[in-house]
Amino acid sequence: MSYTFQFGVLAQYQEQIFSGIWLTIKLSVLSIVLGCTAGVVLASVRSVWGGVVRFLVDAYVEIIRNTPFLVQLFIVYFGLPGLGLRVGADTAALIGMTINLAAYSTEIIRAGIEAIHKSQIEAGEALGLTRFQIYRHVIIVPAVAKVYPALCSQFVLMMLASSICSAISTQELAASAAFIESQTYRSFEIYIAVTLIYLALALTLRAALALIGMWLFGRRVARRAMTALPEVQA
Amino acid sequence: MTLTTFGADQFGFLLLSLQWTLLLTVIALIGGGLLGFAVALARTAQPKPVRIAAATYIQIIQGIPVLMILFLSYYGLSLAGLELPPLFAAGASMTIYASGYLAEIWRGCIQAVPKQQWEASESLAMTRLQQYRYVILPQAMRISLPPTVGFAVQVVKNTSIASIIGFVELARAGQLINNATFQPFRVFLVVAALYFVVCYPLSQLSRLLERRLHAGSSR
């Protein structure tokens with residue numbers, strides 16, 4: 001191959017790259033916080049109420065998990081204005097990411113809740129805890145601790161999937177890359193550089209989540225969060 | 001195709017492009033399966049450098065977006081002077097993507113086979129190859145069935161990303177129809193429904209297999 005790499009041309013586009021990284025980080029952090037909170041609420045609501053509520057939550061989870069993120073983004077970005085709701089590309093990206101992550105978080109936390117042994121709840125009752133105390137200390141917190149590594153993997157996957165938001169013109173990292181490519185025609189260089197940035201972001205996010213896990217749930221959970229790779233949940 | 005509303009013609013076009021989605025999925029699963037199997041074997045091999053190389057490969061693939069794999073192979077291949085249709089770049093990148101994940105899934109399955117099985121077959125004076133062939137892999141394969149089917153769902157969904165480099169599969173067909181009809185909500189809901197019709201049965205099958213095989217192993 002007679003091709004000579006010229007990474008030097010990328011230097012003058014630092015600003016685009018950094019603003020892309022910054023938006024990717026913002027979208028990821030916000031959607032993780034919102035999506036995970038929604039996941040805890042939906043998984044709890046589902047296990048407490050049952051009946052129609054459970055059916056609706058399950059339907060939401062199944063629909064989101066069995067359709068592509070890209071199509072979900074299209075529905076939010078192109079579809080909502082048709083219903084009279086005008087959303088910008090950044091807002092659409094955040095809505096899409098939150099909706100997607102909420103479904104996966106609900107599914108993961110549900111599995112955690114179902115893994116809590118009944119005797120634990122009975123023990124809580126025997127200690128005279130109120131129902132709310134039991135739900136908080138005996139069910140939700142141990143359930144989330146148990147599935148924390150799987151949640152972390154899902155968060156990292158979401159950060160990587162945020163690159164797809166460039167398809168609806170959100171100016172995150174992948175969009176910055178495409179812009180620079182169109183300006184310089186150094187496609188290979190820019191995509192190698194941005195791929196390495198994503199790799200660094202993924203490792204950093206994983207380390208940060210492990211630290212948060214250590215603070216919340218202790219060392220053992222944190223170590224699993226650092227090493228666990230995405231699991232396939234059926 | 002009429003340019004007015006979303007009707008039977010457009011739905012037919014979506015169904016046709018669904019075939020491309022399925023073809024890409026099959027390519028990814030076969031190509032990714034072969035490559036992933038090799039990486040899984042390397043990941044569980046005895047020489048440490050081989051194991052480390054395989055682990056690094058998996059970490060890298062799982063640490064970068066599928067979109068970047070796609071861009072790198074699309075522009076990389078044309079850089080190398082190969083003018084190839086998007087199907088080739090899409091197939092190659094989905095293969096690489098699938099191999100990283102399948103390798104990790106199958107590593108887990110190989111390592112889930114109890115250690116005693118290795119020891120027992122070793123004491124029968126089997127070679128490493130024979131151990132894999134007759135003792136370990138048949139058991140690992142059984143364990144790997146549910147997560148592999150589950151992963152197929154991820155592959156079907158992720159083929160939609162190939163639309164970004166202009167490969168006309170289901171998601172891209174939806175975009176094209178939307179550009180002509182300006183009925184995004186209706187068009188993309190139908191597109192989503194078509195993906196769902198393919199993915200949901202696979203998800204359920206994966207769950208069913210998990211229950212079946214789990215019940216089988218605890219007997």
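Worth knowing before you read on, the calculation uses all heavy atoms, side chains too, and leaves out hydrogens, waters and symmetry mates. Letters go in sequence order (proteins before strands), and every chain restarts at 1.
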Neighbour count >12 (heavy atoms, 6.0 Å) for atom CD, A/E114: yes
The side chain to side chain contact (heavy atoms under 4.5 Å, CB included) partner of A/V71 among B/V191, B/L194, B/L170 is B/V191
In this structure, are over 12 heavy atoms from other groups packed under 6.0 Å from B/R186 atom CZ?
no
dist B/Q59:CD -> A/L203:CG (nearest 0.5 Å) comes out at 7.0 Å
Honestly, the part of A/Q72 sitting under 4.5 Å from a heavy atom of chain B is neither
Checking heavy-atom separations under 4.5 Å from chain B, one finds in residues 162-170 of chain A A/S163, A/I164, A/S166, A/A167
| said: For A/Y60, is the OH atom crowded, meaning more than 12 foreign heavy atoms sit under 6.0 Å from it? | reply: yes
Ranked by heavy-atom pairs below 4.5 Å to chain B, first place among A/F78, A/F69, A/Y77 goes to A/F78
When rounded to the nearest 0.5 Å, the distance separating CG of B/L67 from CG of A/L173 is 10.0 Å
OG1 of A/T67 to CZ of B/F196, rounded to nearest 0.5 Å, is 8.0 Å
When B/I69, B/I60, B/I64 are each screened for side chain to side chain contact (heavy atoms under 4.5 Å, CB included) with A/T195, the one that passes is B/I64
Applying a strict 4.5 Å limit to non-hydrogen atoms, the region of A/A161 in contact with chain B is neither
Bottom line for A/I192: the part with an atom under 4.5 Å from chain B's heavy atoms is both
Going by heavy atoms in the side chains, are A/F188 and B/L72 under 4.5 Å from each other? yes
Heavy-atom nearest pair, A/L80 first then B/F185, reads N-CD1, 4.4 Å
Ranked by heavy-atom pairs below 4.5 Å to chain A, first place among B/G108, B/P184, B/A193, B/G174 goes to B/P184
OG (B/S160) and CG (A/L70) are apart, to the nearest 0.5 Å, by 4.5 Å
If one checks every heavy atom of B/I164 against chain A at 4.5 Å, the contacting part turns out to be side chain
Taking every heavy atom of A/A202 against every heavy atom of B/G63, the minimum-distance pair comes out as CB-O, 3.6 Å
Test side chain to side chain contact (heavy atoms under 4.5 Å, CB included), reference B/P65, set A/L160, A/V194, A/L199, output is A/L160
If one checks every heavy atom of A/L196 against chain B at 4.5 Å, the contacting part turns out to be neither
Next on the checklist: Closer than 3.5 angstrom, by distance alone: can the side chain of B/K157 be matched with the main-chain N or O of A/R65 as a donor-acceptor pair?
Outcome noted: yes
Residue pairs passing the side-chain hydrogen bond (donor to acceptor under 3.5 Å, both in side chains) test with at least one member in residues 65-76 of chain B, sequence neighbours excluded, are none
If one checks every heavy atom of B/L189 against chain A at 4.5 Å, the contacting part turns out to be both
Under 4.5 Å to a heavy atom of chain A? For B/S163 that would be side chain
